[in-house]
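As structure tokens, the structure follows; a few thoughts come after it.
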2 protein chains.
Amino acid sequence: MEKTVEEGELKRAGLKVTVPRLKILEILEASEPRHMSAEDVYRKLMEAEESIGLATVYRVLTQFESAGLVERHNFDDGHAVYEMASDDHHDHMVDVDTGKVVEFYDERIEALQRSIVEKHGFELVDHNMVLFVRQPSRKK
Amino acid sequence: MEKTVEEGELKRAGLKVTVPRLKILEILEASEPRHMSAEDVYRKLMEAEESIGLATVYRVLTQFESAGLVERHNFDDGHAVYEMASDDHHDHMVDVDTGKVVEFYDERIEALQRSIVEKHGFELVDHNMVLFVRQPSRKK
DNA sequence: ATGAATGCAAAAACTTTGCATGACG
DNA sequence: CGTCATGCAAAGTTTTTGCATTCAT
């Protein structure tokens with residue numbers, strides 16, 4: 001039985017290697033679009049004929065978040081979505097017509113955020129920025 | 001019966017003037033902190049001895065949002081909060097230790113957002129930015 | 001009077017929890 | 001083997017909806 005990369009990731013995160021955790025990790029890594037709700041993950045599991053409870057999906061996603069493996073975002077619509085944590089931080093741009101999500105990074109904005117926060121006497125722990133956009137070609 | 005400012009606001013928004021809508025509008029305008037969940041509003045109504053159903057609070061807040069009277073935000077914790085819409089746009093800074101919310105505005109960030117969005121071929125419709133901050137005086 | 005708004009209760013959507021069973025190290 | 005993870009179902013939260021009644025115009 002060969003050791004997969006995912007097993008290593010789980011061990012490093014201090015999580016016991018189990019079938020649900022492996023499957024969920026695989027799904028998140030292969031996911032397109034990159035942002036998935038607990039339901040989305042559960043649906044993929046069902047498609048893959050895995051019998052894993054929805055409750056477990058929620059538990060595992062929460063653990064992954066605590067372990068820093070995934071990031072949780074609250075866009076607008078009121079339910080959480082998860083994406084694999086990457087070293088490179090990025091923000092999001094959501095096309096309001098299509099729902100498509102574009103990721104981007106701009107160091108000037110990051111720097112401005114830090115400077116604004118410091119001006120108010122705080123230090124920046126984290127941030128969350130979503131730009132709602134649209135193709136300009138729409139009439140009116 | 002004298003006409004209040006709030007009555008005018010409701011009429012202008014195309015909403016019939018009713019007791020629940022007036023009371024909720026008053027509460028939002030007087031609110032401190034400025035960000036209130038539906039439950040918060042409902043609690044205030046109860047304190048004021050008004051018998052208005054929670055369902056009505058949700059309905060009215062949704063109508064106010066559609067009418068542009070209030071803005072809805074999803075910070076981190078998963079339930080929506082509302083604040084009176086003001087002409088001057090601003091973003092939010094949340095102290096992760098105390099939960100306190102600071103509002104701020106920085107034109108340089110606004111300009112950068114527009115420029116980034118255009119570089120991707122979109123136009124900016126709206127945005128949402130929350131900085132999670134902390135008092136630097138914490139040890140470790 | 002007539003159509004819209006409200007209150008109540010029931011339902012829906014999303015997430016968490018309790019507990020007995022089963023799996024990992 | 002002891003502990004931790006899982007599945008299932010039940011409970012919690014937050015928000016929405018159906019319907020009879022009340023209210024604004």
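Here is the naming used below: chain letters follow the sequence lines, and residue numbers restart at 1 for every chain.
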Q. Roughly how many Å is it from CG in Asp40(A) to C1' in dC14(C), rounded to a whole number?
A. 13 Å
Q. Do Glu107(B) and Arg114(B) sit within salt-bridge range, that is, some charged N less than 4.0 Å from a carboxylate O?
A. yes
Q: Give the rounded distance in Å between these two atoms: OH of Tyr42(A) and C1' of dT15(C).
A: 14 Å
Q. Atom NE2 of His79(B) and atom P of dA13(C): how far apart are they, to the nearest Å?
A. 21 Å
Q) Would you find a donor on one side and an acceptor on the other, under 3.5 Å apart, between the side chain of Thr56(A) and the backbone of Ile52(A)? A) no
Q: May I have the step-by-step check of side-chain hydrogen bond (donor to acceptor under 3.5 Å, both in side chains) for Asp91(A) and His127(A), ending in yes or no?
A: CA-CA 9 Å; Asp91(A) 292 303; His127(A) 74 257; 3.0 Å; yes
Q: Take nucleotides 4-11 of chain C nucleotide by nucleotide from the 5' end and write B, S or -, depending on whether a protein heavy atom sits under 4.0 Å from the base, only from the sugar-phosphate, or from neither.
A: SSBBBB--
Q: Using whole Å, report how far CG of Asn74(B) lies from P of dA13(C).
A: 18 Å
Q.
Less than 4.0 angstrom between a side-chain N/O of Tyr58(A) and OP1 or OP2 of dT16(C), yes or no?
A. no
Q: May I have the distance from Leu54(A) (atom CG) to dA10(D) (atom P), rounded to whole angstrom?
A: 15 Å
**Q.** Spatial distance of atom CG (Leu112(A)) from atom CG (Leu112(B)) [nearest 0.5 Å]
**A.** 6.0 Å
Q: Quickly work out the Leu10(A) CG to dG25(C) C1' distance and round it to whole Å.
A: 15 Å
(Q) Donor-acceptor pair, distance only, cut-off 3.5 Å: does the side chain of Arg134(A) make one with the backbone of Val125(B)? (A) no
**Q.** Ion pair Glu83(B)/Arg72(B), N-O distance below 4.0 Å
**A.** no
